[in-house]
Amino acid sequence: MAFINLKTKEVQVKIVYYGPGRGGKTTNLEYLYNRLKDHIKTEMVTIKTQGDRTLFFDFLPMGLGEIKGYHIKIQLYTVPGQVKYNATRKLVLMGVDGLVFVADSAVDRRKQNIDSLANLQENLSAYGKNLFEVPMVFQYNKRDLAEKGIPVLPVEVMEADLNHKLKAPAFEASALEGKNVIKTLKEIIFNTALTLEHQLV
Amino acid sequence: MDANSDASFRDTLKNRLDEVFQEESSDIQGGNKEDESVKASHPLDGLKSAVLSLEWEITQENVHRFIKETKDCLKRYEGDKVFSTFFQVLLALGKYVHKSMKNAHPATGALIKSTFENVTAVIDTGLGEEEKRKLLNKSLAAFRQFKASVLAKKRKAAPEASETAVPEKTIKTVLMELGNRIESELEKMKAEIADIKRKLD
Ligand SMILES: Nc1nc2c(ncn2[C@@H]2O[C@H](COP(=O)(O)OP(=O)(O)OP(=O)(O)O)[C@@H](O)[C@H]2O)c(=O)[nH]1
Ligand SMILES: [Mg+2]
């Protein structure tokens, strides 16, 4: 549930990037941070291990300015994808308003994608939510691998594996090259904010 | 809310998102252009794909390919002191990965990538001799530092992922954010419990 402060007229929308380890969640946020510095104005908080795995989570706040008298603030989070950090993943999901599922297009990550989506469903259920009620956008990331001679899953296969029932919006992307990173974010903010609209008086 | 104001919230939101993310779309196109120029067969294409594969996953096959590509480059650029020093660094890193495989220091991938990026810049951008040396020195310094930390790690056999120095300020921000979240959830729960109590009384 979004943080809506009727007194200060502030709305906080929490968007969580979820997905298997090394799928490109942090890379999404890094790209956004670099491209949108003017609107962000704060620092990106990221806690990494010595390499580049997310240890705790990444956090990137940004402002959308005022709409209908409300200051709209967006908070982007990533979860740590590594299987062993489930407690942190669950914690980060608390109060989530919208989800981006970053799937890895590499052929041998197929199972990890499916497992991670199942894990998401399981963790959401701890908060009495399910995949069908939280706005979600799929991002089929690392499409650029194909050009580099690394086999990628056809989009149809990924759709069938992950989005067959949900039928959520989905984008092919390369977070590394910045392709469709912004499109993904725009879509999830738009869909999420629409579901919150009725709470604004 | 009546239908009219619904439409206006939607439109305002959409326009705002376009505004905030506007300049970005041109950035993405910029990215695409760069991508195309790389595609027009670059002398380092083979090495690039080997670097990416290796970064993606350390397998025997990927390591061998990386070492082979590095050796090819060494031969091709052997007349140039700066270029060949870069490739020697890459070769040393390749041999190190070959020896340690999955146990390679977690920063290895990033170092290989940054060294590769520097040599690409040196070869591509027609830098002056002095700038070339500067980039080379940067890579060499990073390599030396890496060697030192590999040795230190060996000596200490550090526990995984424990030693990241996260700035105190960062942790404070994160904790405060979490605290706010938890507090708000607690408030909600308290209200719910009070509500249930009232119903029971
Ligand atoms: N080729 C390619 N590599 C990518 C892309 N996106 C991310 N990567 C690389 O994949 C690796 C992992 O990316 P991260 O963003 O750290 O992945 P993550 O999902 O945050 O991983 P965890 O924090 O472990 O959950 C990095 O080496 C990235 O550079 C992409 O679109 N294409
Ligand atoms: Mg991460």
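If you're wondering where the values come from, they're calculated on a predicted model, not measured in any experiment. Here is the naming used below: chain letters follow the sequence lines, and residue numbers restart at 1 for every chain.
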- Please look at A:Ile72 and chain B and tell me whether the side chain, the backbone, both or neither of the residue comes under 4.5 angstrom of a heavy atom of that chain. neither

- Query: Between B:Glu78 and B:Lys71, does at least one N-O distance fall below 4.0 Å, as a salt bridge requires?
  - Reply: no

- Item | Lys NZ or Arg CZ of A:Lys68 over B:Phe9 ring: under 6.0 Å, within 45° | no

- Residue from A:Asp144, A:Leu176, A:Asp108 scoring the most non-hydrogen pairs under 4.5 Å with chain B is A:Asp108

- Query: Within 45° of the six-membered ring axis of A:Tyr18 and under 6.0 Å from that ring's centre, is NZ or CZ of A:Lys25 located there?
  - Reply: no

- A:Phe171 ring center within less than 6.0 Å of A:Tyr140 ring center: no

- Query: Considering only heavy atoms, which portion of A:Leu64 lies under 4.5 Å from any heavy atom of chain B: side chain, backbone, both, or neither?
  - Reply: both

